[in-house]
Amino acid sequence: MKRFYITLVLLVAMLVVALPAKAQHTVAITGGTGYATSRLYPAQEMRALWGTYQAGFSWRYYSLPRFVGCIGVDVELMQRGFSYAPYPSRYETKKEYKYYTRKLNSIMVPIVWQPHVYLIKNHLRIYLEAAPTFSYNFASRYWNDESYSIDQTLQAKSVSGKYDFRSERDNRFSFGLAAGGGFDLLFGQMEFGVRVRYDFGFSDILRNRNKYYTNNLDMEQKPGENPFYLTPLRSPLDNLTISLKVGFRIGKAGFKEWEWKRPKFPKNKEVFKFAL
């Protein structure tokens, strides 16, 4: 984990040094909330986990308009997870369903491209963004409302606790794509903004059951921790977050985009010759 943080810091430092010294750099902190879910396959009865959190640090590099927007890197602490009903056929209505819920803490690193426009005399920036994302999952807990037999005389109900990552069933690293948009209010060197982002996972949090078959021992080792028995074929994670941003522009000069103007090209002068 320590090596992971050191690698991120070195990566950001190398990017800053490699770019022109006179460029415009903005650093910011972000924090927000939203919901998490998963696209399990085969399909399951799912519900969204509202109230997940996001907090992070962002860096942006702004250049001339010919580069179309800016680039940047975020480092975020994000809560992810999913909740599904393992045995919906046991109940007559959805209100009676009992759910298995799992929440994860992840360090996510999006590498952002952000096209944008300025309005209101450069005091408002409206933008879209797209980013490949890379994540490391470092902690997890679970809650299981179903009843599981520990032996013939004892049953455990509403089991919960720390989820133990095991190499034969769990993936700690993941990747995906993110897209979103927002706006920033600019006052001098300070920025205040709102951002909406959807993180679309591609990799699976649970390993494919065709590769790892020992997950059927979960019920014997720790009942209720992993109700899949055999993991699903696909289990990517998705997140929707709404975040607030407070940023600071390094350097007192304005963005080069504000000062750059398109050169005026001379008009073609047509000369008519009346003589034959």
Side-chain ([X]) to main-chain ([Y]) donor-acceptor, under 3.5 angstrom:
X	Y	answer
Gln189	Arg249	yes
Ser235	Ile205	yes
Thr133	Phe175	no
Ser140	Lys103	yes
Ser38	Pro236	yes
Arg60	Cys70	no

Side chain to side chain, [X] and [Y], heavy atoms closer than 4.5 Å:
X	Y	value
Ser135	Arg80	yes
Asn226	Arg166	no
Leu186	Asn122	no
Val73	Val109	yes
Val196	Leu240	yes
Leu185	His123	no

Closest approach of [X] to [Y] (non-hydrogen atoms, all atoms of both residues):
X	Y	value
Gly81	Leu237	O-CD2, 4.1 Å
Tyr99	Lys94	OH-O, 4.3 Å
Lys245	Ala28	CE-CB, 3.7 Å
Trp59	Tyr61	CZ2-CB, 3.7 Å
Val27	Ile250	CG1-CD1, 4.3 Å
Glu129	Gly181	CG-N, 4.4 Å

Look at the rings of Tyr97 and Tyr91 and say which category their plane angle falls in: under 30° parallel, 30 to 60° tilted, over 60° perpendicular.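 Ring orientation of Tyr97 relative to Tyr91: tilted.
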Plane angle bin for Tyr84 and Tyr100 - parallel if under 30°, tilted between 30 and 60°, otherwise perpendicular: perpendicular
If we count only N and O atoms by modelled type, under 3.5 Å, do the side chains of Asn105 and Tyr53 hold a donor and an acceptor together?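 Asn105 vs Tyr53: donor-acceptor pair found between side chains.
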Is it true that the side chains of Arg197 and Thr241 contain a donor and an acceptor less than 3.5 Å apart?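 No, because no side-chain N or O of Arg197 sits under 3.5 Å from a partner of the opposite role on Thr241.
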In Å, rounded to the nearest 0.5 Å, how long is the span from CD1 of Ile126 to OH of Tyr118?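 Output value for this atom pair is 12.0 Å.
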What distance do Arg207 atom CZ and Asp170 atom CG have between them, rounded to the nearest 0.5 Å? 7.5 Å
Are there over 12 heavy-atom neighbours, none belonging to Tyr41, within less than 6.0 Å of that residue's OH?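 Count not over threshold, so no.
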Other residues, nucleotides and ligands only: do more than 12 of their heavy atoms fall within 6.0 Å of CD on Glu96?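 Yes.
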Side chain to side chain contact (heavy atoms under 4.5 Å, CB included) partner of Asp199, chosen from Leu177, Asn239, Asp238: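 Answer after filtering Leu177, Asn239, Asp238: Asn239.
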Say whether [X] and [Y] are linked into one hydrophobic cluster, either directly or through other cluster members, by side-chain heavy-atom distances under 4.5 angstrom.
X	Y	result
Ile120	Tyr127	no
Leu128	Ile111	no
Leu124	Phe248	yes

May I ask you to decide whether Glu225 forms a salt bridge with Arg169, counting only side-chain N to carboxylate O separations under 4.0 Å? yes
Whether Arg195 and Asp74 form a salt bridge (side-chain N of Lys/Arg under 4.0 Å from carboxylate O of Asp/Glu) is what I want to check.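 Salt bridge present between Asp74 and Arg195.
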Give me the one residue out of His25, Gln24, His116, Arg125 that meets side-chain hydrogen bond (donor to acceptor under 3.5 Å, both in side chains) with Tyr62.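 Single side-chain hydrogen bond (donor to acceptor under 3.5 Å, both in side chains) partner of Tyr62 among His25, Gln24, His116, Arg125: Arg125.
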When Phe165, Phe138, Tyr136, Phe202 are each screened for ring-ring contact (aromatic ring centres under 6.0 Å, His included) with Phe173, the one that passes is Tyr136
